[in-house]
Amino acid sequence: MSVLSWIIVMSLAGGALSVLAAAAFAWTARVQWVSLLISYAIGALLGASFLEVLPHAITASGDAATTTATVLGGILAFFVMEKLVLWRHCHIEACEGHEPLVHSHAHAHDHGRSGLLILVGDTFHNFVDGVLIAAAFMEDVRLGIVTALAMIAHEIPQEVGDFMILLHSGYSKGRALAFNLLSSLATLVGALLAYVALGQVQSAVPVLLALAAASMIYVAVADLIPGLHKRPELRATVQQVLLIAAGIGTIVLTHHIVDRFAG
């Protein structure tokens, strides 16, 4: 397939499939499954960022210091954006968007959460994901596949949170699914716009790859890992470590499979 075909297919998969999987999960999931998904997503995000995206960004730029400084700046920027409610669409002090099933019994109502604001924030996030997926594919098809898979892995637990919060905001299950699917199309829009723009400005690819690594690291370390510490018992900790390792292993395995396929 052409690079553009890969971008379209994986952007649609990264958006729609994660929403559908999250909706199915939210309808049928047990509480214990949420932390399993989150642990696996952490491994996939960290594996993709440190083993694939960041090395490619450094190679593409030829300047490790500038690339790592971009990652550092990106992490700080995502922190500020989260504080401003543009990232992770948490806008109340006690938001637990990634662990809605664990804490849903404590939230009998919306507590001021706006379904519309959640959808706006998610649309922005999906648009950025599309830009990063396109940048990765334009650098290397293997990198694009790994990046898209890692984003799908972390989108599922996030979309579970989105879905449950929308339900708490008064949306029906059907409306919550429909609006989340509509929001997921922003991934494709961002990817296509990035493909057109980056085709003229290839020098932007290393910067966007560095920002992709920053976003993955930030989501894993700042958003997802703190939730795992709510279960400090030994059995849960061992389970979390094994699932994080499984997420990293998936990235390594994908690397070798794609290498063999490409060869």
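Remember, predicted model here, so these are calculated numbers, not experimental data.
Rounded to the nearest 0.5 angstrom, Thr70 OG1 and Leu54 CG are separated by 10.0 Å. Atom CE of Met216 sits about 4.5 Å away from atom OG1 of Thr147, to the nearest 0.5 Å. Within the model, atoms CG of Leu242 and CD of Gln240 stand 10.0 Å from one another, a figure rounded to the nearest 0.5 Å. Distance CG/Leu228 to OG1/Thr237: 9.0 Å, rounded to 0.5 Å. Taking CD1 of Ile133 as the reference point, atom CE of Met138 lies at 14.0 Å (rounded to 0.5 Å).
When every heavy atom of Ser61 is checked against every heavy atom of Thr67, the shortest pair comes out as OG-OG1, 2.6 Å. Considering every non-hydrogen atom in both Gly190 and Val131, the closest pair reads O-CG2, 3.6 Å.
Hydrophobic clustering (side-chain heavy atoms under 4.5 Å, transitive across Ile, Leu, Val, Met, Phe, Trp, Tyr) groups Val53 together with Val221. Note: the hydrophobic cluster containing Leu132 also contains Leu188 (ILVMFWY, side chain heavy atoms under 4.5 Å, direct or indirect links). Side-chain heavy atoms closer than 4.5 Å link hydrophobic residues (I, L, V, M, F, W, Y) into clusters, and following such links, even through other members, never connects Val241 to Ile248. In terms of hydrophobic clustering, with Ile, Leu, Val, Met, Phe, Trp and Tyr side chains grouped at heavy-atom distances under 4.5 Å, Leu149 and Tyr40 are assigned to different clusters. A continuous path of hydrophobic side-chain contacts links Met1 to Leu192 [ILVMFWY only; heavy atoms under 4.5 Å].
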Give the table of side-chain donor-acceptor pairs shorter than 3.5 Å for residues 204-214, with sequence neighbours excluded, one pair per line with atom names and distance.
none

Less than 3.5 Å apart, which donor and acceptor atoms pair up between the side chains of residues 43-50 and the rest of the protein, not counting sequence neighbours?
residue	atom	partner	partner atom	Å
Ser49	OG	Leu45	O	3.0
Ser49	OG	Leu46	O	3.0

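Checked by atom type and distance alone, the side chain of Ser183 never pairs as donor or acceptor with a backbone atom of Phe179 at under 3.5 Å. Proximity of a side-chain donor or acceptor of Glu52 to a complementary backbone N or O of Val146 within less than 3.5 Å is not detected. Side-chain atoms of Asn126 never come within 3.5 Å of backbone atoms of Ala186 as a donor-acceptor pair (strictly under, hydrogens ignored).
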**Message:** Please determine whether side chain to side chain donor-acceptor pair (under 3.5 Å) holds for the pair Ser2 and Ser5, giving the CA-CA distance in whole Å, both sets of side-chain angles, and the decisive distance to 0.1 Å.
**Reply:** CA-CA 5 Å; Ser2 67; Ser5 297; 2.9 Å; yes
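By the side chain to side chain donor-acceptor pair (under 3.5 Å) test, Thr66 pairs with Asp63, sequence neighbours left out.
The one candidate from Ile42, Ile225, Leu224 that meets the side-chain contact (heavy atoms from CB on, under 4.5 Å) condition with Ile244 is Ile42. Considering Leu182, Asn180, Thr187 as possible partners of Val19, the one that fulfils the side-chain contact (heavy atoms from CB on, under 4.5 Å) test is Asn180.
Using cut-offs of 30° and 60° for the angle between ring planes, the Phe78 and Tyr218 rings count as tilted.
Trp6 has its side chain within reach of Ile145: a pair of non-hydrogen atoms, C-beta onward, lies under 4.5 Å apart. By the 4.5 Å heavy-atom criterion applied to side chains, Val252 and Leu51 are counted as neighbours. Proximity of His56 to Arg142: side-chain heavy atoms (C-beta onward) are separated by under 4.5 Å at one or more points.
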